[in-house]
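Presented below is the structure to which this report refers.
All values below were derived from every heavy atom in this structure, side-chain atoms included, with hydrogens, water molecules and symmetry-related copies excluded. Quick note on labels: first sequence line is chain A, next is B, and so on, each numbered from 1.
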Amino acid sequence: MADIIQPVKGTRDFYPEDKAVITWLYEKMGEVSERFGYQEFDGPFLEYIDLYAAKSGEELVKEQSFVFEDKSGNLLALRPELTPTLVRMIAQRQQHLYYPLRWWSFGPFWRYESPQKGRGREFFQWNVDLIGADSPEADAELAAVMAAFFQEIGLAPAQTRILINNRRLMDRELAKLEIPPHERNDIFHLIDKRDKMEFPEWEAYAEELGLSLSQMDGLQALLENDQLWEESEELVRFFKAVDALGASEYVEFAPYIIRGLDYYTGTVFEAQALTADVSRAIAGGGRYDDLLSDVGGDPLPGVGFAAGDMVLIVVLEELGLLPEKRDQTPAPVIVTVFDEDTRMASFSLAAELRRAGLKVNCYPEVEKLGKQFRHANRIGSRVATILGPEELAEGMVAVKDLRERDQVQVPRDEAAEYIQGLLEKDLSA
RNA sequence: GCGAGCGUAGCUCAGUCUGGUAGAGCGCUGCACUGUGGAUGCAGUCGUCGCGGGUUCAAGUCCCGUCGCUCGCCCCA
């Protein structure tokens with residue numbers, strides 16, 4: 001036991017009940033994506049490191065990605081995010097795709113970080129992107145997809161909020177405060193930090209960045225002004241569209257939302273859990289109009305978001321919204337084996353039942369019936385069959401309803417139908 | 001990279017302060033019950049106390065180191 005090799009730090013083992021949660025999320029994400037007309041796609045899990053270095057800066061990539069050398073000496077990275085791959089794939093077929101393009105994806109990503117609550121080194125991420133449309137209404141659709149997903153998994157508007165801001169609006173407002181263009185990124189960073197620092201500390205940081213007192217006052221007024229969106233024609237149109245799309249309950253303007261990424265050019269959004277004890281966002285995204293041209297494609301606007309599975313699971317867990325240990329029963333029917341002489345007859349019966357479309361678990365060993373029933377009960381089987389010498393001689397099968405504890409003898413060729421009937425009774429109940 | 005907490009049976013943990021025979025519950029196996037499971041009773045199984053060193057007549061317990069996990073900070077595409 002002590003000699004078992006440890007799992008890799010920051011990875012998770014997905015036992016069946018854990019895998020069921022991921023599968024459930026995947027299904028919900030797919031359902032919602034496709035409801036809005038998005039197509040599923042995926043890219044490779046391995047990419048040349050240059051794909052990320054171009055955009056994110058090599059140091060960041062080397063520090064926070066899993067990077068290794070292949071046998072030819074190429075530096076490869078386990079993908080830390082999807083957007084560069086998406087952009088590459090679109091650039092490769094730019095002239096052959098129809099726009100606006102709606103794609104979604106769900107898959108594993110890796111980042112070399114220190115594991116903690118809601119964060120690991122290997123995680124799943126849902127990505128939804130709309131390429132080739134640059135209107136605020138397109139942004140609103142992404143917010144609506146997010147809202148539809150929250151609704152789908154049972155997260156109420158009182159429990160989660162999609163916070164919206166616009167980089168162009170903030171840029172103009174910073175200009176009004178006479179903050180020169182080259183300092184605005186620093187100020188964005190400062191804004192991003194507001195919730196994460198104590199106020200005096202934050203103030204000191206602002207001073208360090210060279211903000212004057214009046215600029216500080218102006219900035220604070222800005223961050224508290226929840227009507228500021230009215231100054232932005234883009235956001236006015238955005239909220240109008242969100243309203244029409246029926247998502248306004250979840251969506252709210254928040255001038256302090258900036259998002260760390262430099263490549264966002266317009267609308268940014270971030271979904272936060274209002275009730276749960278996690279500091280991280282559930283989902284984040286925004287508009288990136290320059291990305292295609294940045295990697296050498298023709299200019300093409302885009303907007304998208306990503307949501308990781310780990311924070312989401314923490315939030316849903318705390319709210320009791322994860323599905324009940326869903327259908328852990330591997331098969332509702334178990335075919336017991338009576339003894340060595342009848343074993344093959346039981347195997348044949350199992351095969352007959354499977355041909356009839358039933359999910360059938362056949363006990364592999366000759367064991368006492370009591371033991372087989374106990375096993376059937378533990379794994380949650382609904383129906384057991386017994387095929388002993390008596391049944392065989394009469395061409396019958398004993399079918400036992402494990403929940404009701406009833407047992408009847410039915411002709412062997414009617415067994416499948418009879419069992420089917422028992423299971424269907426459950427479904428209709 | 002920094003800080004804190006925790007490592008004891010398959011699992012959840014008590015025992016550590018104040019050194020003196022390694023514990024409980026759950027689980028598992030068997031029996032009561034050789035053609036029938038969820039209950040009950042009885043019996044059985046269960047350990048390098050994370051690892052290494054030190055102090056001591058004696059260490060799960062105290063000291064030093066180390067590894068691992070968890071949580072937080074930093075970072076966060």
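- Checking A/E47 against A/T85 by side-chain atom types alone, a donor-acceptor pair falls below 3.5 Å.
- The nearest heavy atom of RNA chain B to A/D192 and to A/K117 marks one nucleotide each, and the one closer to the 5' end goes with A/K117.
- Contacts of A/K371 with the nucleic acid, taken as non-hydrogen atoms under 4.0 Å apart, involve only primed sugar atoms and P, OP1 or OP2.
- The residue A/Q372 sits apart from the nucleic acid: no heavy atom pair falls under 4.0 Å.
- In this structure, of B/rG35, B/rG37, B/rC76, it is B/rC76 that holds the atom nearest to the side chain of A/R119.
- For the pair A/I49 CD1 and B/rA77 P, the interatomic distance rounds to 18 Å; values are reported in whole Å.
- Spacing between atom CD of A/E367 and atom P of B/rU29 amounts to 10 Å, rounded to whole angstrom units.
- In the interface, the side chain of A/R378 is not paired with the base of B/rG37 through any donor and acceptor atom under 3.5 Å apart.
- Rounded to an integer number of Å, the gap from A/L369 CG to B/rG35 C1' is 5 Å.
- Judged by atom type and distance alone, A/Q116 does not reach the base of B/rU70 through any side-chain donor-acceptor pair under 3.5 Å.
- For the ring-ring contact (aromatic ring centres under 6.0 Å, His included) with A/W126, the qualifying choice from A/F149, A/Y38, A/F106 is A/F149, the only one to do so.
- Residue A/R403 is in base contact, counting any heavy-atom pair closer than 4.0 Å across all strands shown.
- Among the protein residues, A/F109 comes within range of no part of the nucleic acid, since none of its heavy atoms lies under 4.0 Å from any strand.
- In this model, no side-chain donor or acceptor of A/K368 finds a partner on the base of B/rU34 within 3.5 Å.
- Between A/W103 and A/F41, the ring-plane angle classifies as tilted under the 30° and 60° cut-offs.
- Residue-to-nucleotide proximity on RNA chain B shows that, of A/E113 and A/H375, the 5′-proximal contact is made by A/H375.
- Here A/S381 lies out of heavy-atom contact (under 4.0 Å) with every strand.
- A straight line from NZ of A/K9 to P of B/rC67 spans 11 Å, rounded to a whole angstrom.
- Rounded to an integer number of Å, the gap from A/R374 CZ to B/rC33 P is 16 Å.
- The base of B/rG37 does not come close enough to the side chain of A/Q407 for any donor and acceptor atom to sit less than 3.5 Å apart.
- As a whole-Å value, the separation of A/D341 CG from B/rG35 C1' is 15 Å.
- Here the closest heavy-atom approach between residue A/R343 and residue A/E365 is recorded as NH2-CA, 3.7 Å.
- Using a 4.0 Å heavy-atom cutoff across all strands shown, A/I386 reaches at least one base atom of the nucleic acid.
- In summary, A/R259 and A/E270 engage in a salt bridge, as defined by a charged side-chain N under 4.0 Å from a carboxylate O.
- Protein atom NZ of A/K193 is 6 Å distant from nucleotide atom P of B/rC74, rounded to whole Å.
- At a cut-off of 3.5 angstrom, counting only N and O atoms as typed in the model, there is a donor on one side and an acceptor on the other between the side-chain of A/R280 and the base of B/rC76.
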